[in-house]
Amino acid sequence: MAVTRGFQGRGAGVDPSRVPPGQYVTKDFPVLSAGPTPQASLDSWEFTIRDAVDEPVSWSWAEFRALPRETFTVDIHCVTKWTKVDTTWSGVSLDTLLAAVGTAASYAMAFADGGYTANVPLDDLRGGRAWVVDEYDGKPLAPEHGGPARLLVPHLYFWKSAKWVRGLELRPFDQAGFWEMFGYHNYGDPWKEQRYSGD
Ligand SMILES: Nc1nc2c(c(=O)[nH]1)N[C@H]1C(S)=C(S)[C@@H](COP(=O)(O)O)O[C@H]1N2
Ligand SMILES: [Mo]
């Protein structure tokens, strides 16, 4: 009798070293939104980076689409314990966007249509680790997953990846964003299981 190893447990056939502690692998792509999906008009869409000192820098949709783009495959980790491996996105690296602003700030607050915010240290948005993405799996990003564009910071829990993102506010001091104010961890490293404040 042949014994078949089942694809069971938290790994689902995925190399366990890719699955952060306490996470399980899902093939689905769950939708998690704190409110309704906003309707964005691409005619008035802008992505803006502002800080306290310098003039804000904005890109229209056409200008954003004309920036150098990357297509890349990463794993994403939600604080509600699902991990999805090998997700493929296209968009613009935050390195490209931040190169347009000279800033002395150390922290960023991502802001989004609908009022959602997420705070991330500016260094975590640099070094090829963060993007504003507008395509998933070769197709325009679906509205429920943050289309027309979302932040993607896959090395932190997925709540940092603000859907419907419209810009960054750069700041000298850190301030809690939407979920961080409700008791989620301020930084959110999935490999250290930083789910809630105090973890
Ligand atoms: N604007 C906005 N961005 C958001 C959220 C949200 O409610 N609003 N939820 C966050 C959380 S908790 C998670 S896990 C992911 C979910 O993204 P998904 O719906 O594409 O899976 O988006 C994050 N970004
Ligand atoms: Mo989440």
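The residues of the chain are indexed from 1 along the displayed sequence. Ligands are counted one by one from 1 in listed order, and the atoms in each one are counted from 1 as well.
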Check: Can you tell me which residue and heavy atom of the protein come closest to atom 22 (O) of ligand 1, and the distance to 0.1 Å?
Finding: R150 NH2, 3.1 Å
Margin query: I'd like to know if V153 and L98 are part of one continuous hydrophobic network [Ile/Leu/Val/Met/Phe/Trp/Tyr, side-chain heavy atoms within less than 4.5 Å].
Written below: yes
Check: Transitively linked via ILVMFWY side-chain contacts under 4.5 Å: V133 with F158?
Finding: yes
Next item on the list: Check A34 against ligand 1 and report side chain, backbone, both or neither, counting heavy atoms closer than 4.0 Å.
Entry: both
Notebook entry, point to check: Is there a nitrogen or oxygen of D113 sitting under 3.5 Å from a nitrogen or oxygen of ligand 1?
Noted result: no
Next item on the list: Using a 4.0 Å heavy-atom threshold (strictly under), name the region of F158 that reaches ligand 1: side chain, backbone, both or neither.
Entry: both
Margin query: Residue-level breakdown please: for Y157 versus ligand 1, do any non-hydrogen atoms fall below 4.0 Å on the side chain, on the backbone, on both, or on neither?
Written below: neither
Item checked: Check: S33 N/O within less than 3.5 Å of ligand 1 N/O -> no
Next item on the list: Please determine if L32 has a nitrogen or oxygen closer than 3.5 Å to a nitrogen or oxygen of ligand 1.
Entry: yes
Next item on the list: With heavy atoms under 4.0 Å as the rule, classify the contact between P30 and ligand 1 as side chain, backbone, both or neither.
Entry: backbone
Notebook entry, point to check: For ligand 1, does F178 get within less than 4.0 Å through its side chain, its backbone, both, or neither, judged by non-hydrogen atoms?
Noted result: neither
Notebook entry, point to check: Should K160 be listed as contacting ligand 1, given a heavy-atom distance under 4.0 Å as the test?
Noted result: no
Note to self: For atom 14 (S) of ligand 1, what is the closest protein heavy atom, and at what distance to 0.1 Å?
What the structure shows: C78 SG, 3.2 Å
Next item on the list: Please report which non-hydrogen protein atom sits nearest to atom 1 (N) of ligand 1, along with the residue it belongs to and the distance in Å to one decimal place.
Entry: K163 O, 3.0 Å
Next item on the list: Run through R150, K163, R166 and flag the one making a salt bridge (charged side-chain N to carboxylate O under 4.0 Å, His left out) with D113.
Entry: R166
Notebook entry, point to check: Can a non-hydrogen atom of G146 be found less than 4.0 Å from any atom of ligand 1?
Noted result: no
Note to self: For Y136 and F29, I'd like to know if the aromatic rings sit close, meaning centre-to-centre distance below 6.0 Å.
What the structure shows: yes
Item checked: Per-atom contacts, ligand 1 versus F29 - under 4.0 Å to a heavy atom -> 20 (O), 21 (O)
Notebook entry, point to check: Taking the side chain as C-beta and beyond, is there a heavy-atom pair between W45 and W164 under 4.5 Å?
Noted result: no
Notebook entry, point to check: What residue and heavy atom of the protein are closest to atom 10 (C) of ligand 1, and at what distance?
Noted result: Y116 OH, 3.4 Å
Next item on the list: Could you find the nearest protein heavy atom to atom 20 (O) of ligand 1 and give me its residue, atom name and distance?
Entry: H145 ND1, 2.6 Å
Next item on the list: Would you indicate whether the side-chain heavy atoms of Y187 and H185 approach each other to under 4.5 Å?
Entry: yes
Next item on the list: Report the nearest protein non-hydrogen atom to atom 12 (S) of ligand 1: residue, atom name, distance rounded to 0.1 Å.
Entry: W159 CB, 3.4 Å
Next item on the list: Please determine which of F72, F64, W89 meets the ring-ring contact (aromatic ring centres under 6.0 Å, His included) test together with W131.
Entry: F72
Notebook entry, point to check: What protein heavy atom is closest to atom 24 (N) of ligand 1, reported as residue, atom name and distance in Å?
Noted result: S161 O, 3.1 Å
